[in-house]
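Remarks on the structure that follows.
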Number of protein chains: 2
Amino acid sequence: MAKQAIWKDIAERITRDIAKGHHKAGEKLPTEVAYGTRFGVNRHTVRHAISALVEEGLVYTRRGAGAFVAADPVRYSVGKRVRFHQSVAEAGHQGSKELLSMTTRPADAEEARALGRRKGVQVHVVEGLARVDETPVAHFISVFPAARFPDLLAHLQTLNSITAAFAACGVQDYTRQETRLAAVNANATSATLLNLKVGTALLRSTNVDVDLDGQPVEYGRTWFSGNHIELTIDGSDTNI
Amino acid sequence: MAKQAIWKDIAERITRDIAKGHHKAGEKLPTEVAYGTRFGVNRHTVRHAISALVEEGLVYTRRGAGAFVAADPVRYSVGKRVRFHQSVAEAGHQGSKELLSMTTRPADAEEARALGRRKGVQVHVVEGLARVDETPVAHFISVFPAARFPDLLAHLQTLNSITAAFAACGVQDYTRQETRLAAVNANATSATLLNLKVGTALLRSTNVDVDLDGQPVEYGRTWFSGNHIELTIDGSDTNI
DNA sequence: CTCCATTTGTGCGTATGTATT
DNA sequence: GAATACATACGCACAAATGGA
């Protein structure tokens, strides 16, 4: 072993163990005391090593619970046709969506504007949670014009897929008209749903989807957990 | 004072002292023992606070010498009008870039990886601030391989434009290989530069630019103020 | 639900090493 | 070389959060 600080040796050792697959993403690492016993060092020395790994982003800790291997952020491509499942699947993860609520109510000003309707028209509102490998990574609210899709919610109940429900309502295909991205601090609702602390940075995506005739069919807002999701934009067509 | 760890209080206190100008760039801070006496805490508690400031980049330490203020409060302006981010300028506002500092130092692991170099190779680092209508909206750090562009910084001083400086270094054209977006909470450095509170959500863009041969020429990170910037991606322009 | 063992977070005290001045 | 100052390491104690009985 190179002549250097013990805590660096331990940090490298743990890094190698993770790289070798001895500890997989999300798994709990041995406790500080266990490492201290194994390496014959003080708990503080182990803490120094682990805190360096936390700083690197390789590990995260939860007081009272332990230290865990951090999952690589899932790279979620932004584009015309890419859907959530497809994106996470490409990244080699298991994606799932849970619908939390479905309601029908009058549209507020912004929702109406985005959908090209008048304020107060009835809209279906679907709220849900997206998970990757069981970890909640995004919270979304989608708004649909109720007049055009009277049976959308019924179809959603059974199909559990917006794309499939659209198909059942006669929309064979739809595309992303526009995506707007902003960073916001998590409020109590989002923080609870995403299992984060209030104030954590979230990536908010606002989008309008249109059918093949260019008619708006969905106005959606999604709050991505900045810790778990990284949006990627491919190529030179954007200059950010 | 908020109910929080003592070391955090001390870190914030020192940060404020630096911000107020009590300690200027390059100046030596009081010793750990002196801080410990002043605040009535153990030297280790002071060390914890200072190590957090080192991590933020606000302070650096030299064993045997002391702790010093790292940030340069005297920001010398190199350029006025330079090419600005397209996504900002197209909104019809007045954009400007200010170069805050230029340095050459060894690359860290991530910078080296992004540029396809080995860790520790010399890189030019340019840090700057982008404004829209005089309001700071983005903070950026660009990293270039020094071996390939030995005279880049000199050209930047006179040309005030990265594109022009590249041209002077023999790079006729370059393209955006990839853009990754994430949401992060502002640290002390970004918060100060962007005139925001620590913890405010920022949109972080990470990109790698390559020359026509596909060789990485620039690794850049930009922190956009979430309050002032909303990135838009036109669906018809992205083909993924 | 409470209770309790576990685990990380914070803080203090001490000692020694190593680089700077 | 001597004094100073940061770096590393050990030990002890308690706080705070977790998670299971």
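Note that the structure is predicted; figures quoted are calculated from it, not measured. Numbers restart at 1 for each chain; the letters A, B, ... are given by sequence-line order, proteins then strands.
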Taking for each residue the nucleotide of DNA chain D bearing the nearest heavy atom, is the 5' side occupied by A:Val46 or by A:Gly64? A:Val46

Can you find a side chain N or O atom of [X] that sits less than 4.0 Å from OP1 or OP2 on [N]?
{"X": "A:Arg62", "N": "D:dG19", "result": "yes"}
{"X": "A:Thr61", "N": "C:dG9", "result": "yes"}
{"X": "A:Asn42", "N": "D:dG11", "result": "yes"}
{"X": "B:Arg47", "N": "D:dA7", "result": "yes"}
{"X": "A:Thr31", "N": "C:dT6", "result": "no"}

Atom [atom1] of [X] to atom [atom2] of [N]: distance rounded to whole Å?
{"X": "A:Arg63", "N": "C:dT10", "atom1": "CZ", "atom2": "C1'", "result": "7 Å"}
{"X": "A:Glu32", "N": "C:dT8", "atom1": "CD", "atom2": "P", "result": "5 Å"}
{"X": "B:His48", "N": "C:dC12", "atom1": "NE2", "atom2": "P", "result": "12 Å"}
{"X": "A:Arg43", "N": "D:dC14", "atom1": "CZ", "atom2": "C1'", "result": "11 Å"}
{"X": "A:Phe39", "N": "D:dT8", "atom1": "CZ", "atom2": "P", "result": "18 Å"}
{"X": "A:Ile50", "N": "C:dT7", "atom1": "CD1", "atom2": "C1'", "result": "11 Å"}
{"X": "B:Phe68", "N": "C:dT21", "atom1": "CZ", "atom2": "C1'", "result": "10 Å"}
{"X": "A:Gln4", "N": "D:dA7", "atom1": "CD", "atom2": "P", "result": "16 Å"}

Parallel, tilted or perpendicular, as decided by the 30° and 60° cut-offs, for the rings of B:Phe144 and B:Phe166: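 If you compare the ring of B:Phe166 with that of B:Phe144, the planes turn out perpendicular.
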
Do you see a donor-acceptor pair shorter than 3.5 Å between the side chains of A:Glu127 and A:His139?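 Yes, because at least one side-chain N or O of A:Glu127 sits under 3.5 Å from a partner of the opposite role on A:His139.
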
Does B:His44 make a side-chain donor-acceptor contact with the base of D:dA7, cut-off 3.5 Å?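 Checked by distance alone, the answer is no.
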
Nearest-0.5 Å distance that lies between atom CG in A:Asp17 and atom CG in A:Leu29: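 The CG atom of A:Leu29 is 9.0 Å from CG of A:Asp17, to the nearest 0.5 Å.
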
Is the shortest side-chain N to carboxylate O distance from A:Arg105 to A:Glu111 below 4.0 Å?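 Yes.
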
With the side chain defined as heavy atoms from C-beta on, A:Thr45 is closest, among D:dC10, D:dA15, D:dT8, to D:dC10

Applying a 4.0 Å non-hydrogen cut-off, can you work out what A:Val41 is touching in the nucleic acid: base, sugar-phosphate, or nothing?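 Sugar-phosphate, no base atom in range.
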
